[in-house]
**Student:** 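Take this structure first; my questions come after.
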Amino acid sequence: MPAVQETVERVKRIDVDQYRYGFETLIESDKAPKGLSEETVKFISEKKNEPAWMLQWRLEAYRRWLTMTEPTWARVDYPKIDFQDLYYYSAPKPKKTITSLDEIDPEILKTYEKLGIPLREVAMLEGVEPKPGEEDPNRRKIAVDAVFDSVSVATTFKAELKKAGVIFMPISEAIREHPELVQKYLGSVVPTSDNFYATLNSAVFSDGSFVYVPPGVRCPMELSTYFRINERNTGQFERTLIIADKGSYVSYLEGCTAPQRDENQLHAAVVELVTHDDAEIKYSTVQNWYPGNSEGKGGIYNFVTKRGDCRGNNSKISWTQVETGSAITWKYPSCILRGDNSRGEFYSIAISNGYQQVDSGTKMIHLGKNTSSRIISKGIAAGRSQNTYRGLVTAHRKATGARNFTACDSLLIGDKCGAHTVPYIEAKNSSATFEHEATTSKISEDVLFYCIQRGLTQEEAVGLVVNGFVKDVLQQLPMEFAVEAQKLISISLEGSVG
Amino acid sequence: MALLEVKDLKVRVEEREILHGLTLTVNEGEIHAIMGPNGSGKSTLSHVIAGKPGYEVTDGEILFKGEDLLAMAPNERAAKGVFLAFQYPVEIPGVSTMNFLRTALNAQRKARGDSEYSTPDFLKKVREVSKSLNIPQDMLKRGVNVGFSGGEKKRNEVLQMALFEPSLCILDEMDSGLDIDALRIAADGVNALHSPKRAMVVITHYQRLLNYIVPDVVHVMSKGRVVKSGAKDLALELESSGYAQYEDA
Ligand SMILES: Nc1ncnc2c1ncn2[C@@H]1O[C@H](COP(=O)(O)OP(=O)(O)OP(=O)(O)O)[C@@H](O)[C@H]1O
Ligand SMILES: [Mg+2]
């Protein structure tokens with residue numbers, strides 16, 4: 001039936017247009033055979049030239065994974081994933097070792113150009129070392145460790161970081177160059193047995209970032225990684241490990257966009273953060289994976305385990321996230337407040353439109369004395385989406401004086417979407433003070449009309465009101481991300497009203 | 001020349017007819033006052049002119065500068081010069097007044113094909129206007145109308161009017177909730193905008209406002225119609241005799 005075919009084609013085209021970052025790059029890739037087995041795990045480990053202990057670690061995780069079942073408690077609904085029908089490794093074919101950005105595959109550079117973000121900034125970034133006295137404080141530096149599909153292809157700013165003693169490299173390199181650090185910390189926050197997806201990640205993770213900030217060092221720049229899924233049917237299993245040693249500080253930015261495709265794609269990343277005494281990690285994410293088309297088809301499944309361990313006294317971990325993409329998001333960046341006086345923060349904006357399903361939130365586990373945590377969550381649901389905040393705050397028996405403040409606001413746009421708040425609160429000692437506030441509101445017609453009467457279009461009005469709603473959280477993002485995020489929020493709500 | 005022509009307008013809200021054939025002509029440079037009892041349809045008329053959703057026009061037409069106003073999207077009407085100072089201005093948390101003013105002004109300019117204001121030009125203009133209205137700069141940093149007093153909200157409406165320079169200003173009870181001084185300041189702001197090309201429609205319950213903003217024409221509205229029009233003395237007359245004589249009109 002040509003008419004039907006034409007409709008299908010048209011929908012596809014509309015979809016490509018709407019998803020600004022929906023394109024694919026034509027580069028040869030190097031794939032593992034389809035499916036998951038010990039052979040796949042060995043293939044990946046071999047590709048990465050890994051030492052024997054790493055392969056062993058992966059294999060143990062794989063065997064453990066075989067005994068586990070997928071969790072079903074989240075408020076998300078999707079067809080069963082056939083884990084044997086996925087590719088677990090894909091890398092751009094390495095030509096030779098890359099020493100400068102000029103040597104990167106022009107196709108890859110073009111991809112970044114279309115994305116309009118990181119490597120295009122290279123020109124600017126190349127004026128790295130301004131002449132003394134001419135430093136522009138407004139132009140903060142960003143080091144970009146670009147992860148393209150599974151392999152890091154570009155690393156900038158290495159020299160300056162090296163001078164400060166900061167290690168920032170693909171984790172695959174760190175496994176070879178700093179095995180003592182990796183062995184000490186990998187899996188120490190998210191153990192290989194932690195949960196179904198984290199265990200899967202442990203077995204087959206392809207690459208990711210590794211950061212170590214030595215004692216007393218304030219990392220001289222924001223560290224940034226841009227992820228991108230490119231190969232059809234390739235699960236992405238990123239692994240990130242960040243360690244802030246005593247009295248150090250680092251701010252890390254993660255952002256991603258993905259090309260449009262038909263099949264659902266699995267993304268199961270693991271991020272582990274460790275702060276020692278008096279150290280601080282600020283981790284910011286802008287997530288914009290392909291959300292699926294207007295009928296809810298396709299889109300990324302984003303099952304992520306992110307956890308920080310405030311291991312030392314007076315240490316701090318702060319998560320800030322802007323979630324706009326993915327068909328399904330299952331994500332709970334958490335803090336274990338182990339050290340006395342340690343502090344955890346979670347600032348989140350989760351936007352769902354179309355048929356997106358978001359189940360996200362955080363866990364604040366208070367173990368040390370006088371630990372404090374703060375949760376500010378802003379959920380925005382539009383279209384036919386479902387947006388759930390799920391949060392856990394617990395105080396251990398020994399966590400005397402623990403304090404938590406949670407504010408959880410949901411905004412509904414239209415009447416076919418849903419927002420849900422599922423807080424779990426558990427205090428095992430009487431000196432803990434936990435405060436929880438939650439609101440759910442509908443975007444007000446009167447407010448929209450007020451804006452429209454002043455000349456804004458319906459969409460501009462929605463964008464403005466929503467950006468106002470999420471302002472507290474946007475302010476937590478580093479400047480360059482906040483601007484990008486604000487644009488993204490408006491883009492992702494296009495077509496949500498009218 | 002006629003700026004606004006409302007002809008035999010019939011409007012329904014949720015199946016109930018509220019305006020039953022209303023006719024009103026406002027020429028360039030004129031100030032019109034609309035008075036009338038509660039529920040007579042004054043705000044409804046202003047909403048329909050501005051294009052608020054939820055109102056069904058079943059008959060009649062509205063021409064603005066000779067064009068079919070009802071065929072235009074509400075934001076298009078704003079860009080063409082229709083401004084409504086709301087009886088109840090809303091609050092927009094998290095959106096600073098300054099940002100709001102700038103976004104709106106640039107949206108209107110863009111729709112008209114004008115270039116956007118540069119930041120210094122914009123700031124200069126806002127500073128001038130807010131100073132004349134006695135609006136402190138600090139207030140402009142706060143969320144739109146968030147925590148503003150009643151009087152501050154109304155002044156913020158006049159500020160926007162001054163900034164956007166519309167050709168038709170509809171002021172829906174801008175005097176309600178204002179103390180004497182605030183009323184004078186706001187009225188001065190409105191008078192400063194009076195020009196041969198610009199018309200004002202002032203909706204009010206009190207003749208007092210009309211001592212400050214002197215109307216060319218006063219209309220009495222009752223039960224969804226204009227039942228009497230006259231010169232400014234009509235307002236004084238209403239003040240003493242009330243609306244009773246128009247109830248059965
Ligand atoms: N959304 C609505 N749904 C139902 N009835 C409405 C709605 N809006 C207005 N009305 C009715 O229309 C009539 C006119 O209301 P309107 O607000 O226009 O009066 P008004 O002249 O502005 O009164 P006031 O002087 O009290 O401001 C009232 O009876 C009111 O209840
Ligand atoms: Mg009224």
Side-chain angles (χ1 to χ4, degrees), chain A residues 138 322 347-349 351 376-380 407-415 437 439-477 482-483 485-487 489-490 493 497-498, chain B residues 43 46-47 49-55 72-97 99-112 114 142-146 153 156-157 159-161 163-166 168-170 172:
Chain A
N138 295 323
V322 177
Y347 298 100
S348 170
I349 298 169
I351 297 181
I376 308 286
S377 162
K378 305 277 183 179
I380 296 127
C408 206
D409 300 318
S410 307
L411 186 68
L412 297 169
I413 302 174
D415 50 15
E437 290 172 5
T439 65
T440 300
S441 50
K442 267 195 80 158
I443 197 160
S444 146
E445 292 296 331
D446 284 347
V447 170
L448 288 183
F449 182 64
Y450 187 85
C451 299
I452 292 166
Q453 207 300 304
R454 300 305 187 234
L456 273 63
T457 62
Q458 176 99 347
E459 279 179 356
E460 287 165 342
V462 170
L464 188 81
V465 172
V466 169
N467 271 304
F469 175 73
V470 301
K471 191 180 172 204
D472 301 353
V473 175
L474 273 186
Q475 279 174 339
Q476 298 295 329
L477 285 174
V483 173
Q486 204 167 345
K487 281 189 206 142
I489 288 166
S490 297
L493 286 168
V497 279
Chain B
S43 293
S46 70
H47 288 155
I49 294 171
K52 189 173 182 180
Y55 296 89
M72 295 177 208
N75 55 308
E76 222 180 306
R77 301 182 197 188
K80 286 235 154 102
V82 174
F83 182 89
L84 171 60
F86 287 85
Q87 183 173 0
Y88 305 108
V90 297
E91 300 185 359
I92 316 178
V95 179
S96 80
T97 306
N99 178 25
F100 179 77
L101 295 175
R102 187 179 171 159
T103 307
L105 183 60
N106 283 333
Q108 292 190 20
R109 291 182 66 89
K110 204 173 124 200
R112 290 194 292 262
D114 296 340
R142 283 153 60 187
V144 177
N145 293 325
V146 177
K153 283 183 186 171
N156 191 19
E157 296 293 284
L159 167 67
Q160 292 175 55
M161 203 167 99
L163 207 56
F164 302 156
E165 300 176 326
L168 175 66
C169 308
I170 304 169
D172 194 355

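Everything numeric here is computed off the predicted structure, so don't read it as measured data. The sequence lines fix the lettering, A, B, ..., with proteins before strands; numbering per chain opens at 1.
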**Student:** Please determine whether a side-chain nitrogen of the Lys or Arg among B:Lys52 and A:Glu445 lies less than 4.0 Å from a carboxylate oxygen of the Asp or Glu.
**Tutor:** no
**Student:** With no hydrogens and no angle check, is any side-chain donor or acceptor of B:Thr97 less than 3.5 Å from a backbone partner on B:Arg142?
**Tutor:** yes
**Student:** Check each atom of B:Pro93 against the heavy atoms of chain A and say whether the ones under 4.5 Å are side chain, backbone, both or neither.
**Tutor:** backbone
**Student:** Quick one: side chain to side chain donor-acceptor pair (under 3.5 Å) pairs with a partner in residues 461-476 of chain A, sequence neighbours left out?
**Tutor:** none
**Student:** Shorter than 4.5 Å, heavy atoms on both sides: which option in B:Ser96, B:Pro74, B:Gly54 has the most such pairs with chain A?
**Tutor:** B:Pro74
**Student:** Is B:Pro166 in contact with chain A via its backbone, its side chain, both, or neither, using a 4.5 Å heavy-atom distance?
**Tutor:** neither
**Student:** Taking every non-hydrogen pair under 4.5 Å, which of B:Ala111, B:Ala79, B:Ala73, B:Ala107 racks up the most with chain A?
**Tutor:** B:Ala107
**Student:** Is there side-chain contact between B:Lys153 and B:Glu91, with at least one heavy-atom pair below 4.5 Å?
**Tutor:** yes
**Student:** If I measure from the heavy atoms of chain A, does B:Glu76 come under 4.5 Å with its side chain, its backbone, both, or neither?
**Tutor:** neither
**Student:** Please flag which part of A:Phe469 lies under 4.5 Å from any non-hydrogen atom of chain B: side chain, backbone, both or neither.
**Tutor:** backbone
**Student:** Against chain A, label B:Ala50 side chain, backbone, both or neither, depending on which of its atoms sit under 4.5 Å from a heavy atom there.
**Tutor:** both
**Student:** Can you list everything that forms a side chain to side chain donor-acceptor pair (under 3.5 Å) with B:Arg77? Sequence neighbours excluded, please.
**Tutor:** none
**Student:** Are A:Arg454 and A:Tyr450 in a cation-pi contact, defined as NZ or CZ under 6.0 Å from the six-membered ring centre and within 45° of the axis?
**Tutor:** yes
**Student:** Where on B:Tyr88 is there a heavy atom nearer than 4.5 Å to chain A: the side chain, the backbone, both, or neither?
**Tutor:** neither
